[in-house]
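Computed from a predicted model, the values in this text were never measured in an experiment.
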Amino acid sequence: MTAMLAAVLNGFNQLSLEEVPRPQAQNVGDVVVRIKSCGFCATDYKAIRGIRRNVKFPFIPGHEPSGIVAQVGPGVVHFKEGDEVICQPSGYCGFCKHCRVGDTHYCEQAFTTGGDGPEDVWPGAFAEYMLTRESCLFAKPANISFDAACLTEPLSGAWKGVIQYSQMQVGEDVVVIGVGGIGLLCLLVAKAAGAGRLIAVDISEYARKQAIKLGATHVVDPTPGDGVQQVYNIIPEGPDLVVEAAGPIEAVKLMVNLRRRGTRWNVFGITTHEQFELDGGLTHFLEGRMDASFGTTPLAMSRAIRLMKTGLVPMEQVISHRFPLSQIHQAVAVMGSPEHNKVVINP
């Protein structure tokens, strides 16, 4: 069997470049994609470093890919070899009660390619080739680069969280806590949707500078401990929407403390099992409404592709680093530093 190069995680902090068998499109609906670009998500980094523990070894990470169809299996009718595609990492059956109402990311037979969530995890895209299914593919528009296209999945999550779930409206004041990769995408979606005052909160000076470049009207450094006061100095009436896109529990607590009556808030960044407290009565009288955004759907992917195709979201500007697969360990090191936005791997 033909071999390919892949980054294989054999244990926490045990990532190695290995020659592994190239996948084959054998079953109905199977498609093998030659990976051109794959975004490096924080959840990939957490798996590699052992910050998240729900990983079965050996594991090939990488769930934000774009590429070219290399082989199609039986019954594939919508794509052919040579087509340029964007891959949705979350696979679904299309027939269970969740799929029938559009919640494909809740599918009872779900799988993920290189990602997190379902029990069924397929090898991901930190490799030269990846096996997926036809239903997970989208045609890549010609005016979108492979590097930009591979970020469709995180952009779709940002759209789903900010627009579909938290229902941001034109002119609303929005606070994004944590403006690394996913936070910048939430910021860009909010900007494209017509946010009024758009405040980026981050402890990193690098991240704050990038947020200003990409459209934040204000930035806040919460390090002195007065993050709430700084935000209210900018918007005395308080935010309409707060998006937590940072990850640490301190960011979630800041989000809770920023609420005023009617504030909507989205728990987006934290993926580890940590706890925070809510005052029940206060939450009741504030009419607090909490949302979250995990995974993606065909609807969200389609909306993200439209945002890129029309130029409403300049994805190339979000990418700070690019590495060939052979330099995956350098990419891991950058992911652990504060001075990066989206990192892209080019197998």
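Side chain of N346 to main chain of K36: a donor-acceptor pair is present (N/O by atom type, distance under 3.5 Å, no hydrogens or angles). Checking side-chain atoms of D202 against main-chain N and O of V179 turns up a donor-acceptor pair under 3.5 Å. Checked by atom type and distance alone, the side chain of R303 never pairs as donor or acceptor with a backbone atom of A300 at under 3.5 Å. Looking only at distances, a side-chain donor or acceptor of R264 sits under 3.5 Å from a matching main-chain atom of S166. Proximity of a side-chain donor or acceptor of S66 to a complementary backbone N or O of F146 within less than 3.5 Å is detected. Judged purely by atom type and a 3.5 angstrom limit, R197 has no side-chain atom pairing as donor or acceptor with the backbone of V174. With E172 contributing its side chain and Q169 its backbone, the two residues share a donor-acceptor pair below 3.5 Å. Of the possible polar contacts, one joining the S293 side chain to the G157 backbone as a donor-acceptor pair under 3.5 Å is found. At least one donor-acceptor pair under 3.5 Å links the side chain of D279 to the backbone N or O of L282. Not a single donor-acceptor pair under 3.5 Å links the side chain of H218 to the backbone N or O of V201.
Taking NE2 of H63 as the reference point, atom SG of C38 lies at 8.0 Å (rounded to 0.5 Å). Taking OG1 of T2 as the reference point, atom CD of Q24 lies at 6.5 Å (rounded to 0.5 Å). To the nearest 0.5 Å, atoms CG (D173) and CD1 (I199) are separated by 7.0 Å. Remark: K46 NZ to D116 CG distance equals 9.5 Å, nearest 0.5 Å. Atoms CD1 and NZ, on I144 and K309 in that order, are 8.0 Å from each other to the nearest 0.5 Å. Atoms CD and CG, on E18 and L9 in that order, are 10.0 Å from each other to the nearest 0.5 Å.
A salt bridge links R289 with D291: the closest approach of a Lys/Arg side-chain nitrogen to an acidic carboxylate oxygen falls below 4.0 angstrom. Between E277 and K253, no side-chain nitrogen of the basic residue sits less than 4.0 Å from a carboxylate oxygen of the acidic one, so the salt-bridge criterion is not met.
Applying the salt bridge (Lys or Arg N to Asp or Glu O under 4.0 Å) test to pairs two or more places apart or on separate chains, none has a residue in residues 86-95. Listed by first and then second residue, the salt bridge (Lys or Arg N to Asp or Glu O under 4.0 Å) pairs that reach into residues 239-248 are D240-R260, sequence neighbours excluded. The stretch residues 69-82 participates, sequence neighbours left out, in these side-chain hydrogen bond (donor to acceptor under 3.5 Å, both in side chains) pairs: K80-D83. The list of side-chain hydrogen bond (donor to acceptor under 3.5 Å, both in side chains) pairs with a residue in residues 127-144, not counting sequence neighbours, reads E84-K140.
For the pair F276/I249, a side-chain contact is recorded, criterion being any heavy-atom separation below 4.5 Å from C-beta on. Looking only at side-chain heavy atoms (C-beta outward), M130 and V32 stay at 4.5 Å or farther from each other. The side-chain heavy atoms of F111 and C136, taken from C-beta on, include a pair separated by under 4.5 Å. Residues T296 and S90 are in side-chain contact: their nearest non-hydrogen atoms beyond the backbone lie under 4.5 Å apart. In this structure, Y45 and V332 have side chains that are in contact, with non-hydrogen atoms separated by less than 4.5 Å. Counting heavy atoms from C-beta outward, P222 and I203 have side chains that approach closer than 4.5 Å. For the pair R259 and T283, the minimum side-chain heavy-atom distance is below 4.5 Å. In this structure the side chain of T263 never reaches within 4.5 angstrom of the side chain of L286, judged on heavy atoms.
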Inset, instruction - Step by step, work out the side chain to side chain contact (heavy atoms under 4.5 Å, CB included) result for Y165 and K160. - result: CA-CA 6 Å; Y165 284 6; K160 183 163 69 70; 3.9 Å; yes
Inset, instruction - Take I182 and F268 through the test side chain to side chain contact (heavy atoms under 4.5 Å, CB included) and record every step on the way to the result. - result: CA-CA 9 Å; I182 195 66; F268 199 133; 3.6 Å; yes
Legend entry - Worked check of side chain to side chain contact (heavy atoms under 4.5 Å, CB included) between F323 and V343: CA-CA 8 Å; F323 294 94; V343 175; 3.9 Å; yes
Legend entry - Test side chain to side chain contact (heavy atoms under 4.5 Å, CB included) applied to F95 and R100, step by step: CA-CA 6 Å; F95 296 99; R100 287 300 197 187; 3.3 Å; yes
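In this structure, F126 has its ring center closer than 6.0 angstrom to the ring center of F40.
Criterion: ILVMFWY side-chain heavy atoms under 4.5 Å apart, direct or through other members. Under it, L155 and I163 are part of a common hydrophobic cluster. A continuous path of Ile, Leu, Val, Met, Phe, Trp and Tyr side chains, each step under 4.5 Å between heavy atoms, connects V334 with I48, placing both in one hydrophobic cluster.
Counted by atom type alone, N13 and R49 present one or more donor-acceptor pairs between their side chains at under 3.5 Å. Checking D30 against Q26 by side-chain atom types alone, no donor-acceptor pair falls below 3.5 Å. For D221 and T223, the side-chain atoms include at least one donor-acceptor pair closer than 3.5 Å. Side-chain contact annotation: S204 with E339, donor-acceptor N/O pair under 3.5 Å absent. Looking at N10 and Q14, their side chains never bring a donor and an acceptor atom within 3.5 Å of each other.
Listed by chain and number, the residues in a ring pair (Phe, Tyr, Trp, His ring centres under 6.0 Å) with Y106 are H98 (sequence neighbours excluded).
The number of heavy atoms from other shown groups lying within 6.0 Å of CD (E19) is above 12. At most 12 non-hydrogen atoms from other residues, nucleotides or ligands lie less than 6.0 angstrom from CD of E287. Atom CZ of R306 has 12 or fewer heavy atoms from other residues, nucleotides or ligands within 6.0 Å. The local environment of CD in E205 is sparse, with at most 12 non-hydrogen atoms from other residues, nucleotides or ligands closer than 6.0 Å.
Chaining together hydrophobic side chains whose heavy atoms lie under 4.5 Å apart places I212 alongside V219.
With I86 as reference, I305 is the one residue of I305, V33, L137, L151 to meet the side-chain contact (heavy atoms from CB on, under 4.5 Å) rule. With respect to L254, the side-chain contact (heavy atoms from CB on, under 4.5 Å) criterion is satisfied by exactly one of V175, I177, V220, V231: I177.
Shortest non-hydrogen contact noted between L131 and W122 is O-CE3, 3.5 Å.
Using cut-offs of 30° and 60° on the angle between ring planes, the pair F57 and F12 is perpendicular.
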